[in-house]
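This report refers to the structure that appears directly beneath it.
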Amino acid sequence: MSQSMPGLPKKRDVSAHIRISMFDNRVEIASPGGLPRGVTTEDYLSGNLSILRNPVLASVFFRLGIIEQFGTGIRRIKESCVRTGARPRFEITGGSITVILPVTDAEPLLDADEKGIMSLLLPGHLLSRSQITDACGFGRDKTLRVLKQLEKKNLVVVQGAGRGTRYVRV
């Protein structure tokens, strides 16, 4: 039986289970039922809209700390894949949504300069730009450029400002 709340589109019930298939090069997660009414493919892929299929289950998972927020999964999948250079695929039809996640190495794609700086940074260990420059042998500008690349890849966090700026590995 379908339930709906006032002001929300009616949900479509599907008596099928989510299927997870694992292959050597990918993991496929197929969810039957397609998109909820009123949600476009663009809405779904943007990762900014969430209509819960099972609000009770989502609420329990949230309170248990299994999920951080509602509706952040697509955005987090895309952000995680950026670090590795892999691209997830989303196949959306009227009857199902399939997310295809490529299997990648745990290590993100880094060039030689990035690898050099990452080897200097330890999780929880703060280093200044000058300490990193001295240790890696790059010039000041190159060190800053590489640190910014690592920050964009969400591998390094910048703490402080000015002379107090420190870098730490995520």
Side-chain angles (χ1 to χ4, degrees), residues 1-112 114-115 117-119 121-125 146-159 167-170:
M1 172 185 278
S2 244
Q3 296 179 6
S4 66
M5 296 181 69
L8 292 179
K10 251 188 159 176
K11 296 189 297 182
R12 294 178 280 175
D13 287 339
V14 177
S15 61
H17 299 285
I18 292 174
R19 186 189 78 237
I20 300 173
S21 304
M22 299 177 72
F23 302 91
D24 289 340
N25 63 342
R26 70 191 183 284
V27 175
E28 294 183 6
I29 303 147
S31 176
L35 294 172
R37 288 190 182 114
V39 177
T40 67
T41 298
E42 292 76 27
D43 292 336
Y44 174 80
L45 292 176
S46 74
N48 295 323
L49 178 68
S50 175
I51 294 179
L52 300 174
R53 291 181 189 254
N54 190 329
V56 173
L57 186 60
S59 177
V60 169
F61 282 179
F62 179 74
R63 285 184 277 152
L64 289 173
I66 294 171
I67 62 173
E68 296 173 9
Q69 305 176 35
F70 300 116
T72 62
I74 299 302
R75 184 170 22 100
R76 291 187 325 173
I77 287 170
K78 289 178 176 180
E79 288 170 359
S80 293
C81 289
V82 165
R83 294 179 190 174
T84 63
R87 295 191 60 134
R89 288 193 346 244
F90 301 90
E91 295 176 357
I92 302 167
T93 67
S96 70
I97 300 170
T98 302
V99 179
I100 302 164
L101 304 170
V103 173
T104 63
D105 294 333
E107 288 297 312
L109 297 175
L110 300 175
D111 65 28
E114 292 169 331
K115 286 179 184 176
I117 288 183
M118 286 300 289
S119 70
L121 297 169
L122 302 172
H125 187 99
V146 174
L147 285 166
K148 285 182 193 233
Q149 291 168 344
L150 292 169
E151 182 183 9
K152 281 184 183 177
K153 292 181 179 183
N154 296 317
L155 297 173
V156 170
V157 173
V158 180
Q159 295 183 354
Y167 300 87
V168 63
R169 184 180 194 147
V170 175

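Excluded from the calculations below are hydrogen atoms, water molecules and symmetry mates; all remaining heavy atoms, backbone and side chain alike, are included.
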**Message:** For the CZ atom of F90 and the CD1 atom of I77, what is their distance to the nearest 0.5 Å?
**Reply:** 5.0 Å
**Complete:** All heavy atoms of P88 vs all of P102, minimum pair found to be CA-CD, 4.0 Å
**Item:** Minimum side-chain heavy-atom gap L45-I92 below 4.5 Å
**Value:** yes
**Request:** Indicate yes or no for a side-chain donor-acceptor contact from S59 to the backbone of V56 under 3.5 Å, with no hydrogens or angles considered.
**Result:** no
**Message:** So, taking the atom named CE in M118 and the one named CZ in R169, what distance separates them when rounded to the nearest 0.5 Å?
**Reply:** 3.5 Å
**Request:** With sequence neighbours excluded, tell me which residues meet side-chain contact (heavy atoms from CB on, under 4.5 Å) with I29.
**Result:** I18, I20, V27, L101
**Asked** What's the shortest heavy-atom distance between Y44 and V99, and which atoms?
**Response** OH-CG2, 3.9 Å
**Request:** Under the side-chain contact (heavy atoms from CB on, under 4.5 Å) rule, collect the residues that match up with S119, sequence neighbours excluded.
**Result:** none
**Heavy-atom closest contact (K115 atom, L110 atom, distance)** = CE-O, 3.3 Å
**Request:** Quick one: list whatever passes side-chain contact (heavy atoms from CB on, under 4.5 Å) with E91, sequence neighbours left out.
**Result:** R89, T98, I100
**Fill in**
What one should report as the nearest heavy-atom pair of Y167 and L121 is O-CD2, 3.8 Å
**Asked** What's the spacing between T93 OG1 and L35 CG if we round to 0.5 Å?
**Response** 8.5 Å
